[in-house]
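Structure record follows, encoded as structure tokens.
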Amino acid sequence: MNAISHSLEPVDSFDYVIFGATGDLTMRKLLPALYRRFAEGQVPEDSRIVGTARSPLDDASYRERARKALGEHVRADELDDATVDRFLGLVHYVSLNGAESTGNWDALKSLLASGAPAADRVRVFYLATAPDLYGDIARNVDEKGLRTDTSRIVLEKPIGTDLDTARKVNEGVGRHFPENSIFRIDHYLGKEAVQNIIALRFANPMLERMWDRDSIEYVQITAAETVGLEGRGGYYDGSGALRDMIQNHLLQVLTVVAMERPASLDADALRDEKVRVLKSLKPLDRANLRANVSRGQYVQGTTGGKPVPAYREELPGETPSNTETFVALKAEIDTPRWQGVPFYLRSGKRMPEKLTEVVIQFRAGEPGLFGEARPGSRLVIRVQPNESVTLPLFVKHPGNSFGLEEVDALSRLGEPRRVVFRDSYEGLMLDAVKGSPALFVRKDETEAAWQWVTPILEGWREDTAGPDTYEAGTWGPESARELLRQAGHSWVEDIAA
């Protein structure tokens, strides 16, 4: 099935092989996601979840780690001992370095060969490892005879660190798996609120007719975190906010907001339109970088009422670093629909609150029956937390006069009794089993995003000034506000203030 599907029916029996099975992602997200789907009856009891990593563990010791992870990352009301025990019965472990051709491959091969014939089971190889190992793991899986006609391989972001490395990753994996078997995961696409943008746009004729430069003044897409490094200094300092959040998550959200109506909800129809958006982005490079991009790094401040250290103080040995923990930029899409409409993208650590949201600012009206011109309505799509859609409207104030008041036409997506919001990994992991790629990123999408982002990275390398500073617990450096101010715009929290 290629179209977006929300079916909760059981999938076919599968073998899920996770490389990097002792890592944080597996314990915090992947195993809990599979457990929840198992508890709701979507995972057949004869499926197998096989963890592989270098740690010298056996099945029993790995299952104890998995049990602990479920206790820490699954809500208590979703856990019961009998279900956990049944789930752990699906879990196996093979001590193996997937990037090396030597090692315990025979044990993995023997485990997968046991039970039902391979032709009757989907195999998913999930690579929760460093991206520079993806090509080696794919080669070994193929050359050891583990890849079947119904195998898929799931690649976690980031796919590379720039355009050249992304191409190398894609080529390395593509030599051993066909493109229709490669599932590049971006968990933002698994979020209900992001998928709901497609429904809002194309299932509501009123909004669809207003979704262009004539009605929309600008768009803001924000992903803000209150946390700092959380022990991820080694990874993050080599990445930064642009690579970690903008290149993948926020550009994916931008494509969903800006794409033309796809011919269908089929995977390739959706992804064709997303690629067209990415290829229509006006370049940002050395010539226009300072006017269109703000980058910052947090210094000491206060979040949640508690003092927190500067970014550099969180690094091992207080390492001098110019890595950005905040980025705000203005993107422009060179198409008839969006000509002249800025898309402001922003992501940062140590912000005042944790939120991800899309703000669609409609243009102000003309003076009319009710006196002065009314400000344009603002459609706010809250992705997290507390998923919601808000559209303020003016109505007549109760009474005899024609005074107006603003009310919120609010749809709180999960209430009442409409839908239980699940972690985005839950649906995506089983979409890989089903072979449904609509919510995964295609090769040309990945490379088109990097093609736009890489010149920004190159421009920063030549900028000796480094990032601006901002106090932890604030909304970034002053240059982020100036970025909008030069066009007569403001970030949504400044408007509210």
For Ser347, the option from Asp244, Ile246, Ile221, Thr356 that meets side-chain contact (heavy atoms from CB on, under 4.5 Å): Ile246
Candidate list His187, Lys157, Glu445, test side-chain contact (heavy atoms from CB on, under 4.5 Å), partner Gln252, passing option: Glu445
Where Tyr425 and Leu25 come nearest, the two heavy atoms and their spacing: OH-CD1, 3.6 Å
Arg184 CZ: over 12 foreign heavy atoms closer than 6.0 Å: yes
Aromatic ring pairing Trp105/Phe19, orientation class (parallel under 30°, perpendicular over 60°, tilted between): tilted
Test item: Phe202 and Trp211 side chains (from C-beta on) under 4.5 Å apart, heavy atoms: no
Interatomic spacing from CE in Met351 to CZ in Phe326 - rounded to 0.5 Å: 5.5 Å
Atom pair CD1 (Ile360) and CD1 (Ile197), whose distance is rounded to the nearest 0.5 Å: 7.5 Å
Validation row: Ile456, Val327 side chains within 4.5 angstrom (heavy atoms): no
Counterpart residues, salt bridge (Lys or Arg N to Asp or Glu O under 4.0 Å), relative to Arg276 (two or more places apart): Glu273
Residues which pass salt bridge (Lys or Arg N to Asp or Glu O under 4.0 Å) with Asp162, listed by chain and number, not counting sequence neighbours: none
Leu289/Trp460 under side-chain contact (heavy atoms from CB on, under 4.5 Å): CA gap, chis, key distance, verdict: CA-CA 9 Å; Leu289 209 54; Trp460 283 349; 3.6 Å; yes
Among His489, Gln220, Gln361, the one residue meeting side-chain hydrogen bond (donor to acceptor under 3.5 Å, both in side chains) with Tyr344: His489
Gap between atom CG of Asp212 and atom CE of Met210 - 0.5 Å precision: 9.0 Å
